[in-house]
K.L.:
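Quick one: structure below, then a few questions.
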Amino acid sequence: MKLYFTRHGKTQWNLEHRLQGMYGDSPLLADSYRDIALLGEYLKEIPFEKIYSSTAKRASDTAQGIAAKSLYPMEILYKDSLRELGFGEIEGQRFDDLTLGYQKQMHDLRHHLDRYDPNAYFGETVTQAIKRLTETVYQAVAENEGPLLFVGHGAALTMLIQHLIGKSPADYRNMGGLDNNSVTLLESQKTRPYRLIQWNETDFLRA
């Protein structure tokens with residue numbers, strides 16, 4: 001089964017370099033709707049059985065924009081379990097400010113997720129996030145024949161995809177992060193891990 005993953009369109013907080021997280025949810029930029037339309041065009045001929053989207057508005061708006069371009073009718077299922085990694089008390093703060101107060105945590109978040117400890121600001125751990133994210137994907141694979149599309153968030157999807165292809169937390173960031181409206185493609189197999197076919201494709205956004 002083919003599994004497609006895309007990160008939501010760029011938001012105002014992305015532009016301002018603010019940490020959005022599980023509950024922070026700034027609106028999409030006006031230019032993002034153009035990129036979502038291009039993403040929809042890129043995917044329109046794929047007969048997705050279902051779209052699974054985070055319930056955050058920036059993700060659900062992206063999912064709806066993709067579905068509007070599709071040549072096939074499809075159901076969108078909205079899942080809280082696909083929301084971004086939770087950052088507790090620091091959601092909405094600027095990365096520059098967070099680097100001053102939480103330098104180690106921000107460094108580990110970007111480079112060493114195996115060492116990342118968010119307890120100082122009551123954030124969600126990597127283990128907690130991986131559990132909810134993978135349970136959602138595994139259930140979707142068990143219940144459908146595919147292909148499927150998952151619409152989510154940068155940190156959460158990066159960890160999820162790397163976990164699905166068999167990487168450990170120490171290696172989750174080795175391939176970098178995911179760009180807004182990028183497409184990553186995996187193929188599920190009878191036994192795990194899944195196979196990576198395409199990572200962070202964005203060439204279609206330059207059309």
Side-chain angles (χ1 to χ4, degrees), residues 1-11 13-14 17-24 52-56 58-59 62 79-91 93 95 98-99 102-141 148-189 191-202:
M1 182 191 300
K2 297 290 175 46
L3 307 175
Y4 292 76
F5 299 83
T6 189
R7 183 184 174 191
H8 61 78
K10 193 170 187 178
T11 69
W13 279 11
N14 289 147
H17 302 289
R18 294 182 184 274
L19 193 63
Q20 288 189 108
M22 183 179 287
Y23 298 108
Y52 288 80
S53 172
S54 160
T55 52
R58 60 193 186 275
T62 301
K79 300 287 186 178
D80 285 338
S81 55
L82 290 175
R83 280 183 171 256
E84 180 60 291
L85 185 64
F87 296 110
E89 295 177 343
I90 63 172
E91 293 191 6
Q93 295 187 34
F95 282 104
L98 291 170
T99 300
Y102 300 101
Q103 183 175 3
K104 184 180 189 308
Q105 289 91 336
M106 293 302 101
H107 179 268
D108 290 345
L109 178 64
R110 288 192 172 101
H111 303 289
H112 296 288
L113 281 166
D114 56 317
R115 306 175 193 170
Y116 174 66
D117 182 359
N119 288 326
Y121 40 83
F122 304 101
E124 182 181 30
T125 67
V126 170
T127 300
Q128 290 168 334
I130 286 295
K131 183 176 186 297
R132 63 173 167 87
L133 292 161
T134 54
E135 285 178 352
T136 303
V137 172
Y138 294 151
Q139 183 176 359
V141 169
L148 301 173
L149 173 64
F150 296 87
V151 182
H153 307 271
L157 285 183
T158 297
M159 294 189 304
L160 169 63
I161 293 164
Q162 295 297 320
H163 184 85
L164 291 174
I165 64 174
K167 299 289 185 67
S168 67
D171 297 322
Y172 284 170
R173 285 290 192 178
N174 285 359
M175 296 175 67
L178 293 171
D179 296 324
N180 296 98
N181 296 131
S182 63
V183 174
T184 294
L185 172 59
L186 304 185
E187 185 173 50
S188 67
Q189 305 175 109
T191 59
R192 300 166 188 160
Y194 296 167
R195 184 166 71 94
L196 177 64
I197 299 174
Q198 183 182 70
W199 170 259
N200 198 39
E201 173 59 44
T202 59

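Count residues from 1 along the sequence. Values below: every heavy atom of this structure, side chains too, minus hydrogens, waters and symmetry copies.
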K.L.:
Go through F150 and L160 one step at a time and tell me if the side-chain contact (heavy atoms from CB on, under 4.5 Å) criterion holds.
P.N.:
CA-CA 11 Å; F150 296 87; L160 169 63; 6.0 Å; no
K.L.:
For G24, is there any backbone N or O sitting under 3.5 Å from a side-chain donor or acceptor partner on E91?
P.N.:
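Side chain of E91 to backbone of G24: a pair is present.
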K.L.:
Strictly by modelled atom types, are R115 and H107 linked by a side-chain donor-acceptor pair under 3.5 Å?
P.N.:
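Not at all, the side chains of R115 and H107 share no donor-acceptor pair under 3.5 Å.
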K.L.:
Where the side chain of N200 meets the backbone of D179, is there a donor-acceptor pair that is under 3.5 Å apart?
P.N.:
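Indeed, once roles are kept as given, a pair shorter than 3.5 Å links the two residues.
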K.L.:
Do V141 and M1 have side chains that get closer than 4.5 Å, going by heavy atoms?
P.N.:
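Yes, side chains in contact.
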K.L.:
Can you see whether Y116 has R173 sitting over its ring - NZ or CZ less than 6.0 Å from the centre and within 45° of the normal?
P.N.:
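Judged by the rule, R173 and Y116 form no cation-pi pair.
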K.L.:
Any chance you could measure W13, atom CH2, to Q93, atom CD, to the nearest 0.5 Å?
P.N.:
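Those atoms lie 10.0 Å apart.
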K.L.:
Looking only at heavy atoms, which two atoms of Y23 and R83 are closest? And how far apart?
P.N.:
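Heavy-atom minimum between the residues: CA-NH1, 4.1 Å.
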K.L.:
Does P118 reach the side chain of T125, with side-chain heavy atoms less than 4.5 Å apart?
P.N.:
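They are in contact (side-chain heavy atoms under 4.5 Å apart), so the answer is yes.
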K.L.:
For S81, is there any backbone N or O sitting under 3.5 Å from a side-chain donor or acceptor partner on R132?
P.N.:
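Yes; judged by distance alone, with no hydrogens or angles, the pair exists.
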K.L.:
To the nearest 0.5 Å, what is the distance between NZ (K131) and OG1 (T136)?
P.N.:
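The OG1 atom of T136 is 10.0 Å from NZ of K131, to the nearest 0.5 Å.
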K.L.:
Would you sort out whether T11 and Q20 count as a side-chain hydrogen bond (donor to acceptor under 3.5 Å, both in side chains), showing the intermediate values?
P.N.:
CA-CA 9 Å; T11 69; Q20 288 189 108; 3.0 Å; yes
K.L.:
Do the side chains of I161 and W199 get nearer than 4.5 Å, heavy atoms only?
P.N.:
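Yes, side chains in contact.
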K.L.:
Examine distances only and state if a side-chain atom of E135 and a backbone atom of Q139 form a donor-acceptor pair shorter than 3.5 Å.
P.N.:
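Not at all, since once roles are kept as given, no pair shorter than 3.5 Å links the two residues.
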K.L.:
Given side chains that start at C-beta, do those of Y121 and L19 come closer than 4.5 Å, heavy atoms only?
P.N.:
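No. Closest side-chain heavy atoms not under 4.5 Å.
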K.L.:
For Q103, look at atom CD and say whether over 12 heavy atoms of other residues, nucleotides or ligands are found less than 6.0 Å away.
P.N.:
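Count not over threshold, so no.
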K.L.:
When rounded to the nearest 0.5 angstrom, what distance separates CG in D108 from CZ in R110?
P.N.:
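Separation between the atoms: 11.5 Å.
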K.L.:
Where is the tightest heavy-atom contact between Y172 and K167, given as atom of each residue plus distance?
P.N.:
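In this case the closest contact between Y172 and K167 is CE2-O, 3.3 Å.
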K.L.:
Calculate, to the nearest 0.5 Å, the distance between atoms OG and CE belonging to S54 and M22 respectively.
P.N.:
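The OG atom of S54 sits 9.0 Å away from the CE atom of M22.
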K.L.:
Output the distance between atom CG (L186) and atom CG (L3), rounded to the nearest 0.5 Å.
P.N.:
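Taking CG in L186 and CG in L3, the distance rounds to 6.0 Å.
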K.L.:
Considering all heavy atoms of both residues, which atom of D117 and which atom of Q105 are nearest to each other, and what is their separation?
P.N.:
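That closest heavy-atom pairing would be O-CG, 3.3 Å.
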K.L.:
If you measure only the distance, is there a donor-acceptor pair under 3.5 Å linking the side chains of T134 and H163?
P.N.:
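There is no such pair between these side chains.
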K.L.:
Identify the two heavy atoms, one from H8 and one from N14, that lie closest to each other, and give their separation to 0.1 Å.
P.N.:
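Answer, listing the atom of H8 first, then N14: CE1-OD1, 3.6 Å.
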K.L.:
Indicate yes or no: at least one non-hydrogen side-chain atom of Y138 is less than 4.5 angstrom from one of L164.
P.N.:
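Sidechains of L164 and Y138: in contact.
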K.L.:
Distance check, rounded to the nearest 0.5 Å: K2 atom NZ versus L149 atom CG?
P.N.:
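K2 NZ to L149 CG: 14.5 Å, rounded to 0.5 Å.
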K.L.:
Is there a side-chain contact between T184 and L157, using heavy atoms and a 4.5 Å cut-off?
P.N.:
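A side-chain contact is absent here, since even the closest heavy-atom pair is not under 4.5 Å.
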K.L.:
Does G9 offer a backbone N or O that forms a donor-acceptor pair with the side chain of T62 under 3.5 Å?
P.N.:
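Flag set: sc T62 to bb G9 pair under 3.5 Å.
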K.L.:
Could you tell me if the side chain of Q162 sits less than 4.5 Å from the side chain of I165, heavy atoms only?
P.N.:
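Side chain of I165 against side chain of Q162, heavy atoms only: contact under 4.5 Å found.
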K.L.:
Provide the closest heavy-atom pair for A120 versus Y102 in the form atom of the first, atom of the second, distance.
P.N.:
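Looks like CB-CE2, 3.9 Å.
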K.L.:
Closest approach of A156 and E84, non-hydrogen atoms and distance?
P.N.:
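That would be N-OE1, 2.8 Å.
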K.L.:
Between T6 (side chain) and S182 (backbone), is there a donor-acceptor pair under 3.5 Å?
P.N.:
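Between the backbone of S182 and the side chain of T6 there is a qualifying donor-acceptor contact (under 3.5 Å).
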